[in-house]
Amino acid sequence: MKSGRSSFRSKRVNLSLIGTLSLTSLLAGCSSDSGAGDSGANNAGPVTINVLSDFTIAQPPAPDNPVWKEFEKKTNTKLNITWVTGPDYVDRLNVVLSSGDLPDLLKLDDMTNPLFQQMVKQGAFWDLTPFLRDYPHLMEYPKVIWENTKIDAKNYVVPVARPLNGFAFAGIRKDWLDKLGLQVPQTMDDFYNVMKAFKEKQPEGKADTFGYTMRAQEFIEYVFTNTNGRWKEVNGSLIDANFDPGMREALLYKHKLYAEGLIPPDYSVMKDNQFWDMATSGRAGITSETIEALWRWTYDQWKRDPKVEWLPLSSLSHKNGPFVPEYRGYIGVLAIPKKVPEEKVKTILSLLNYGASEEGGTLSLYGVKGVHYNEENEMKVTTEQAVKDSVGVGSFGKMFMRYDPYMYAFAPGMPKEVFERNKRIIDERAKVAKPDVAVGLVSETDIKMGSDYKKKISDMKTQVTMGKVGIQAWDKLINDLKQDPNYQQIIKEMNDAYKARRAAQGK
């Protein structure tokens with residue numbers, strides 16, 4: 001990695017840009033040379049499209065934003081975008097859905113949103129299935145993403161695509177491993193031994209050193225149960241992964257980490273910024289993050305120590321071989337209300353199709369060449385103007401994105417050799433990645449009662465991990481849930497939905 005550091009540090013690059021980069025390209029969506037298509041195009045003048053979307057940067061783009069204007073120019077549209085900050089978005093979305101006063105294009109947190117599901121059944125949104133085959137760049141999204149976002153075997157939404165691999169998983173201080181003469185962990189036993197060594201030998205000499213921050217620690221449960229998420233497929237049916245014997249093992253494993261001081265004693269109430277601070281201040285050698293975020297941390301720590309190297313792990317094994325979770329492939333979905341005329345529906349789909357093209361995707365992620373980025377050594381180097389103009393995934397990218405399997409491998413300013421290493425890790429993950437078999441499935445009973453059960457289960461896991469109760473308390477909870485008619489109804493409804501989906505897929 002050393003060869004890329006000096007050249008990188010000579011450039012002033014704002015690494016928060018990855019959270020600011022993507023809406024631009026998608027909205028540029030209708031240029032004829034990018035496969036946008038002419039369906040629904042209005043040659044008489046720009047087509048006005050009212051949009052509601054979230055944003056996760058300090059300030060959303062303003063209407064005079066040059067990237068916004070470029071999108072309108074490319075797509076022959078007039079985009080009236082109402083931006084709502086991420087933490088408030090679901091509440092605002094539900095208010096809008098309840099009011100019935102819907103924009104032309106609506107960003108949803110997920111197609112499982114209960115209000116949206118109800119409105120789809122009432123005929124309030126377009127079934128886009130008959131149209132989608134005419135938009136080739138949208139069809140470049142992996143088939144599994146389209147399958148995961150169907151309702152009753154139909155596509156009522158367009159997913160906002162993200163890579164299937166490269167999302168949050170364990171990352172480790174490779175320089176700490178090298179300093180202590182340790183190998184990269186392959187199994188959960190290795191993982192424990194590395195954490196113990198980090199705690200006891202304190203590679204940076206800090207007394208309050210921990211093995212693992214415990215950020216996104218659910219992956220430990222996933223490895224032990226060999227499943228991604230709450231539901232596990234066994235012989236064509238779904239079982240609750242909490243009932244799997246591996247979950248009990250995972251809780252005993254986490255209790256051991258807690259009892260030996262290998263994880264923070266207050267992990268259950270820590271916020272993201274506290275996890276990040278622990279990792280970037282040299283007080284923990286393992287955390288869980290996306291691949292590109294681990295790079296940003298590496299760069300940040302280089303300012304104090306140029307030897308720092310965060311390495312994303314390819315997988316971890318327990319009893320069932322290598323495991324890494326596959327991401328669901330989208331960060332939200334877009335829907336078009338039935339009140340929108342059919343020709344305008346086609347214009348909107350052309351817009352999204354452009355955003356899924358290579359040209360649109362580049363505009364979305366990086367902005368305008370020569371203004372927001374330059375190319376050096378076959379890499380795109382972002383400028384400060386890109387930050388000022390809110391280019392990136394935290395604004396326009398919340399609605400539009402070209403599918404790029406290596407998106408999480410890259411962060412602005414990254415040396416080429418790091419990018420190539422990250423792509424190899426993603427390729428390795430793709431060979432063993434386990435999908436969430438229940439993505440997009442809905443249980444009405446779970447919608448009504450699931451949050452209470454989820455809290456009860458989560459609280460019990462924390463209590464067992466911290467030793468406030470013994471593992472027998474977990475055993476009793478599981479036995480109670482197996483006898484609970486409402487919980488069993490959730491399992492039945494999830495299986496009915498799962499089997500209906502498989503039947504629609506011809507499985």
| query | Hey, mind stepping through Leu138 and Leu352 against side chain to side chain contact (heavy atoms under 4.5 Å, CB included) and telling me if it holds? | reply | CA-CA 7 Å; Leu138 292 177; Leu352 304 184; 4.2 Å; yes
| query | Does the salt bridge (Lys or Arg N to Asp or Glu O under 4.0 Å) test come out yes or no for Lys107 and Asp54, once each step is laid out? | reply | CA-CA 7 Å; Lys107 168 74 180 296; Asp54 57 333; 2.9 Å; yes
Measuring from [X]:[atom1] to [Y]:[atom2], what's the distance to the nearest 0.5 Å?
| X | Y | atom1 | atom2 | result |
| --- | --- | --- | --- | --- |
| Met466 | Ser268 | CE | OG | 3.5 Å |
| Phe169 | Ile425 | CZ | CD1 | 11.5 Å |
| Ser288 | Phe219 | OG | CZ | 5.5 Å |
| Lys344 | Ile336 | NZ | CD1 | 10.0 Å |
| Ile490 | Asn486 | CD1 | CG | 7.5 Å |

Going by distance alone, is a donor N or O of one side chain under 3.5 Å from an acceptor N or O of the other, for [X] and [Y]?
| X | Y | answer |
| --- | --- | --- |
| Tyr453 | Asp446 | no |
| Glu233 | Tyr498 | yes |
| Ser99 | Asp101 | no |
| Asn148 | Asp436 | no |
| Glu289 | Trp310 | no |
| Asp240 | Tyr487 | yes |
| His318 | Glu249 | yes |

Distance to the ring centre below 6.0 angstrom and angle to the axis at most 45 degrees; does that hold for [X] and [Y]?
| X | Y | answer |
| --- | --- | --- |
| Lys482 | Phe243 | yes |
| Lys423 | Phe419 | yes |
| Arg328 | Tyr330 | yes |

| request: Under the side-chain hydrogen bond (donor to acceptor under 3.5 Å, both in side chains) rule, what do Asn94 and Asn113 come out as? Steps first, then yes or no, please. | output: CA-CA 9 Å; Asn94 288 334; Asn113 181 292; 3.2 Å; yes
Taking all non-hydrogen atoms of both residues into account, name the closest pair between [X] and [Y] and its distance.
| X | Y | value |
| --- | --- | --- |
| Lys150 | Met111 | O-CE, 3.4 Å |
| Leu164 | Tyr403 | N-OH, 3.5 Å |
| Leu102 | Phe125 | CD1-CZ, 3.7 Å |
| Val157 | Pro159 | O-CD, 3.9 Å |
| Ser98 | Leu115 | OG-CD1, 3.4 Å |

Do [X] and [Y] come within less than 4.5 Å of each other through their side chains, counting heavy atoms only?
| X | Y | value |
| --- | --- | --- |
| Tyr373 | Leu365 | no |
| Ile220 | Tyr212 | yes |
| Lys431 | Pro322 | no |
| Ile57 | Ser390 | yes |
| Met399 | Ile331 | no |
| Thr213 | Tyr267 | no |
| Phe167 | Glu326 | no |
| Arg230 | Lys454 | no |

| said: Could you go through Phe116 and Asp109, starting from their C-alpha distance and side-chain angles, then the distance that decides it, and tell me whether this counts as side chain to side chain contact (heavy atoms under 4.5 Å, CB included)? | reply: CA-CA 10 Å; Phe116 177 67; Asp109 53 317; over 6 Å; no
| remark: Given the options Lys455, Lys461, Lys456, Asp459 meets salt bridge (charged side-chain N to carboxylate O under 4.0 Å, His left out) only with Lys455
So, [X] side chain and [Y] main chain: donor-acceptor pair closer than 3.5 Å or not?
| X | Y | value |
| --- | --- | --- |
| Lys339 | Pro103 | no |
| Asn226 | Asn320 | no |
| Glu70 | Val368 | no |
| Asn479 | Asp475 | yes |
| Asn495 | Ser237 | no |
| Ser458 | Thr462 | no |

| request: Decide salt bridge (Lys or Arg N to Asp or Glu O under 4.0 Å) for Lys74 and Glu359; before the verdict, give the C-alpha distance in whole Å, the side-chain angles of both, and the deciding distance to 0.1 Å. | output: CA-CA 11 Å; Lys74 289 281 187 177; Glu359 178 186 312; 3.4 Å; yes
| request: Go through Glu444 and Lys448 one step at a time and tell me if the salt bridge (Lys or Arg N to Asp or Glu O under 4.0 Å) criterion holds. | output: CA-CA 6 Å; Glu444 293 295 334; Lys448 296 173 184 175; 5.5 Å; no
| Option passing side chain to side chain contact (heavy atoms under 4.5 Å, CB included) with Phe55 (candidates Ile81, Val84, Thr85) | Thr85
| query | Taking it one step at a time, do Leu108 and Leu334 satisfy side chain to side chain contact (heavy atoms under 4.5 Å, CB included)? | reply | CA-CA 6 Å; Leu108 295 142; Leu334 298 156; over 6 Å; no
| task | Assess the pair Phe410 and Trp295: is the distance between their ring centroids shorter than 6.0 Å? | result | no
| How about His372 and Tyr366: are their ring centres within less than 6.0 Å of each other? | no
| task | Check the pair Glu493, Thr445 against side-chain hydrogen bond (donor to acceptor under 3.5 Å, both in side chains), reporting the backbone distance first and the verdict last. | result | CA-CA 8 Å; Glu493 290 172 2; Thr445 304; 2.8 Å; yes
| Can we say Glu147 and Arg501 salt-bridge, meaning some charged N sits less than 4.0 Å from an Asp/Glu carboxylate O? | no
| In terms of side-chain geometry, is the basic nitrogen of Asp64 or Lys69 positioned less than 4.0 Å from the acidic oxygen of its partner? | no
| request: Please say whether more than 12 non-hydrogen atoms of neighbouring residues, nucleotides or ligands are located less than 6.0 Å from CD in Gln505. | output: yes
| task | Evaluate the criterion side-chain hydrogen bond (donor to acceptor under 3.5 Å, both in side chains) for residue pair Asn80 and Asn50; output intermediate values, then yes/no. | result | CA-CA 5 Å; Asn80 295 328; Asn50 298 311; 3.1 Å; yes
| Stepwise, does the side chain to side chain contact (heavy atoms under 4.5 Å, CB included) test hold for Asp104 with Ile348? | CA-CA 8 Å; Asp104 301 318; Ile348 294 172; 4.1 Å; yes
